[in-house]
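Notes to accompany the following structure.
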Amino acid sequence: MPVMRRGDRLFDIIQMLRLARTPITAAAIAEELEVTPRTVYRDIATLQARRVPIEGAAGIGYVLRRGYELPPIMFTEEETEAIAVGLRLLHRTGDPGLAAAARSVVAKLMSVLPAGVRAHLAATPLHVSGRGAPVPTGVDLSQLRAAIRAARKVRIAYIDAKGSASARTVRPVAIEYYTEATLLCAWCELRDEYRHFRTDRITSAEPLDDSFAPEAERLTAGWRALTRPA
């Protein structure tokens with residue numbers, strides 16, 4: 001079993017104290033973190049020296065003074081790698097808007113992370129293939145995501161796998177990202193049922209002013225029940 005870094009252990013101690021309703025002893029913390037009580041005493045002394053408001057004493061237990069908040073960004077190495085891989089995977093969705101948002105997230109994280117974590121995020125040895133879903137040319141996926149959030153109907157022109165063209169008004173409820181394609185999941189008013197449309201086969205899309213907000217929750221629940229049965 002890998003040994004926990006001390007910085008991660010200090011973070012976990014703060015989290016345990018934040019969640020505890022009553023004083024928690026060093027022995028209980030040590031058992032949870034699989035270290036000795038002596039190690040916990042040293043860690044608590046370190047945190048107190050760093051002005052973390054921990055109150056209590058050996059044998060009695062420790063509490064964290066109410067109102068204390070952790071610094072906004074603290075990640076373990078595993079969490080940093082998860083973030084790096086997750087953000088890189090977004091470039092495979094064929095969604096330029098999400099890819100741009102991922103770059104923005106990285107820039108914001110790099111501006112606030114500690115130097116060591118920042119370096120690990122920038123140079124993590126975990127790589128993601130650049131191959132993924134094609135970027136659609138007839139529709140802006142950012143507009144589709146906005147239409148889903150606002151529960152607005154969308155008028156689309158679509159060419160199916162057989163090359164047949166059609167025009168439809170749909171009520172979009174979700175977008176599914178696969179490595180080979182991105183799908184718009186919607187209630188199709190032409191077919192009067194749920195349909196999945198490959199976004200690279202949508203030749204044009206126009207968000208309408210028509211709202212389906214009163215039905216949005218029901219339609220989304222119906223689609224989930226159909227595609228993700230319990």
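Residue numbers run from 1 in the order of the sequence given.
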Return the set of residues passing side chain to side chain contact (heavy atoms under 4.5 Å, CB included) with [X] (not counting sequence neighbours), or none when no residue passes.
X    : result
A221 : none
A213 : A151, S211
P207 : Q143, R152
A119 : none

Query - pair L121-M110: side-chain heavy atoms closer than 4.5 Å - result: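 Yes, their side chains come closer than 4.5 Å.
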Report task. For Y158, check ring pair (Phe, Tyr, Trp, His ring centres under 6.0 Å) against everything at least two apart and list the hits. Result -> F197
Listed by chain and number, what are the salt bridge (Lys or Arg N to Asp or Glu O under 4.0 Å) partners of [X], not counting sequence neighbours?
X    : result
R88  : none
R42  : none
D192 : none
R103 : none

Requested in this report: Report the C-alpha distance between R195 and V170 in whole Å, list the side-chain angles of each, state the deciding distance to 0.1 Å, and finish with yes or no for side chain to side chain contact (heavy atoms under 4.5 Å, CB included).
Outcome: CA-CA 9 Å; R195 287 296 175 95; V170 300; over 6 Å; no
Query raised in the report: Which ILVMFWY residues can you reach from W223 by hopping between side chains whose heavy atoms are under 4.5 Å apart?
Result: V173, W187, Y194, F212, L219, L226
Query raised in the report: What's in the same ILVMFWY side-chain cluster as Y178, cut-off under 4.5 Å, chained through other members?
Result: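 L183, which link up through side-chain heavy atoms under 4.5 Å apart, make up the rest of the cluster.
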Query raised in the report: Judged by atom type as modelled, is there a donor-acceptor pair below 3.5 Å linking the side chain of T203 to the main-chain atoms of I159?
Result: no
Query raised in the report: Can we say R201 and D160 salt-bridge, meaning some charged N sits less than 4.0 Å from an Asp/Glu carboxylate O?
Result: no
Query raised in the report: Any ion pair linking D95 and R145 (charged N to carboxylate O, less than 4.0 Å)?
Result: yes
Show every donor-acceptor pair shorter than 3.5 Å between a side-chain atom in residues 124-140 and any protein atom, with sequence neighbours excluded, or say none if there are none.
residue: S129; atom: OG; partner: R131; partner atom: N; Å: 3.1
residue: D140; atom: OD1; partner: S142; partner atom: N; Å: 2.9

